[in-house]
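Order of appearance sets the numbers: ligands from 1, and atoms from 1 within every ligand. Residue numbers start at 1 and run along the sequence shown.
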Amino acid sequence: MGIDLHNITKTFGTFHAVDNVNLHIRTGELVALLGPSGSGKSTLLRIIAGLERPDMGLELSPEVLFDGVPVADTKVRHRGVGFVFQHYSLFRQMTVFENIAFGLRVRPRATRPTSTEIRKQVGRLLDLIQLQSLAQRYPHQLSGGQRQRVALARALAVEPKVLLLDEPFGALDAQVRLDLRRWLRKLHDEIHVTSVFVTHDQEEALEIADRVIVMNEGKIEQDGSPDEVFHTPATPFVMRFIGSANRFRGRIEQSRAVFGELEIESANLEGSGHDSGSEGEIDLYVRPHEIELRRTPNGIPGVEAVIEHIHQAGPVVRIDLRTHAGDALAVDVAHELFDKQFMLCGNTVFAALRRTRVFVG
Ligand code: ADP
Ligand code: MG
């Protein structure tokens, strides 16, 4: 089922939790709402579910459409949504089997499946979440990851048209999170239920989703594929929030961008909001993996900097440097390119900026 959100605003007192959001979610898509804590993700999810109403007003005409049909007057339980929350309290006194069967058992008699049908349906879901052998256990006899899989099966039992997941793996250990993330992605490829996945974890969003909606202060900053939001961030916020970034403050002066001792022809700048004719303040961003440390300059723009710290315990070597202007600079170097001869604390090296992006400051 496709979902459309038009002019959705939600204020609490004078505070804008969601600020004029417009969004289309395609049938069968897995969309991530990604943003820092307090950016309005859960509020938006609750509005889709019908747990919260968007603000009404003369200038506002908010609409939530499911397959093109307004659902403002459709109650939560009739919207066909399945929910999984971070702390989804399974029924403690019920087995895994009974937890999953619950939504089917409480249906009005006319639409309630027979107990044979319920057994079959729960069996299919247990297969799907790969917990066949644990059907008779109680929630306290499961690990956190298993509990969230049961919560998901419980949400899916009533065959929702939309699955809403609010930080479902937020309370789990790092390794379990990684496993469940991949598991959920695979599951979605099998069942294709339209899904909205809320997270503040950018890696999780990039790995799991077909499309990432980056939110900040109740607004959508960018709406794009994981590749797009990572490689071509639309705003400085997205640049900083997704992946790490070094920032240099500078100015455009006579068609040159000047950042302390670093100067770049403004015609060569990649980014948005600047035009090479205008003068003014700009910010230059460089990702740590897009910087090369060299003994000498090599013709591409860069700065001299002193190595302050070297962290080798990780997938790459992270090197912290300080430019002569006093700016901190983080650089990631592949282990096989880490040169112990000259990459030493206290050494001055040339940091060549292989890819830069600018935004008007
Ligand atoms: P997120 O899920 O991105 O962390 P939320 O949507 O939960 O953000 O909240 C967005 C903002 O709205 C937060 O600052 C939060 O404190 C505020 N907020 C959410 N719900 C309420 C409420 N019922 N009353 C008052 N403020 C709220
Ligand atoms: Mg939230």
Side-chain angles (χ1 to χ4, degrees), residues 3-25 29-57 60 62-64 71-72 75-76 79 81-90 144 147-148 151-152 155 160 162-174 176-177 180-181 184 194-209 211-224 226 229-230 233-243:
I3 302 171
D4 283 285
L5 303 177
H6 295 153
N7 311 320
I8 302 298
T9 291
K10 181 76 190 175
T11 47
F12 295 108
T14 56
F15 178 76
H16 280 64
V18 174
D19 195 355
N20 195 23
V21 162
N22 289 278
L23 181 60
H24 174 65
I25 297 166
E29 224 179 357
L30 200 179
V31 167
L33 295 182
L34 170 68
S37 171
S39 56
K41 308 179 297 293
S42 295
T43 305
L44 196 56
L45 204 68
R46 291 168 58 78
I47 287 172
I48 295 174
L51 293 167
E52 203 88 70
R53 277 183 176 271
D55 292 354
M56 309 292 287
L60 301 165
E63 272 194 310
V64 179
V71 292
K75 292 212 170 70
V76 181
R79 286 197 182 188
V81 296
F83 257 117
V84 182
F85 298 106
Q86 180 171 339
H87 297 286
Y88 199 106
S89 44
L90 295 172
R147 275 204 286 268
Q148 286 308 73
L152 192 65
V162 186
L163 191 60
L164 304 176
L165 305 119
D166 196 348
E167 313 247 3
F169 308 145
L172 305 172
D173 294 345
V176 178
R177 285 181 78 117
L180 277 193
R181 203 191 273 182
L184 181 65
T194 308
S195 304
V196 186
F197 185 99
V198 163
T199 181
H200 66 271
D201 178 333
Q202 35 111 353
E203 268 182 44
E204 189 166 88
L206 297 184
E207 187 169 326
I208 218 168
R211 192 148 66 96
V212 179
I213 315 294
V214 185
M215 291 190 64
N216 178 34
E217 297 182 347
K219 292 195 178 69
I220 295 179
E221 291 265 339
Q222 189 168 5
D223 172 346
V229 297
F230 185 82
T235 65
F237 175 83
V238 179
M239 181 81 212
R240 287 193 298 266
F241 189 67
I242 298 187

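Distances shorter than 4.0 angstrom do not occur between any heavy atom of Gly35 and any atom of ligand 1.
Ligand 1 has no nitrogen or oxygen under 3.5 angstrom from a nitrogen or oxygen of Phe15.
Remark: side-chain polar atoms of Gln222 are paired, donor with acceptor, to backbone N or O of Ala234 under 3.5 angstrom. Counting only distance, with no hydrogens or angles, the side chain of Thr235 and the backbone of Val238 share a donor-acceptor pair below 3.5 Å.
Protein heavy atom in closest approach to atom 3 (O) of ligand 1: Lys41 NZ, 2.8 Å. Looking only at protein heavy atoms, the nearest one to atom 9 (O) of ligand 1 is Thr43 OG1, 3.8 Å. The nearest protein atom to atom 23 (N) of ligand 1, hydrogens excluded, is given as Phe12 CE2, 3.5 Å; this is a heavy-atom distance. Scanning the protein heavy atoms around atom 7 (O) of ligand 1, the nearest turns out to be Ser42 CB, 3.6 Å.
A donor-acceptor contact closer than 3.5 angstrom links the side chains of Ser42 and Asp166. No hydrogens or angles considered: nothing links the side chains of Glu217 and His16 as a donor-acceptor pair under 3.5 Å.
Here the rule is side chain to side chain contact (heavy atoms under 4.5 Å, CB included) with Phe197, and of Val212, Leu184, Leu33 only Leu184 fits it.
Using a 4.5 Å heavy-atom threshold, the side chains of Leu163 and Leu152 count as touching. The side-chain heavy atoms of Gln148 and Val176, taken from C-beta on, include no pair separated by under 4.5 Å.
Residue Ser39 has at least one heavy-atom neighbour below 4.0 Å for each of these atoms of ligand 1: 1 (P), 3 (O), 8 (O).
At a distance under 4.0 Å, no protein heavy atom can be found next to atom 16 (O) of ligand 1.
Selection from Pro36, Gly40, Gly38 by nearest heavy atom to atom 13 (C) of ligand 1 gives Gly38.
Within the coordination shell of the Mg ion (ligand 2), defined by N, O or S atoms under 2.8 Å, Ser37 is absent.
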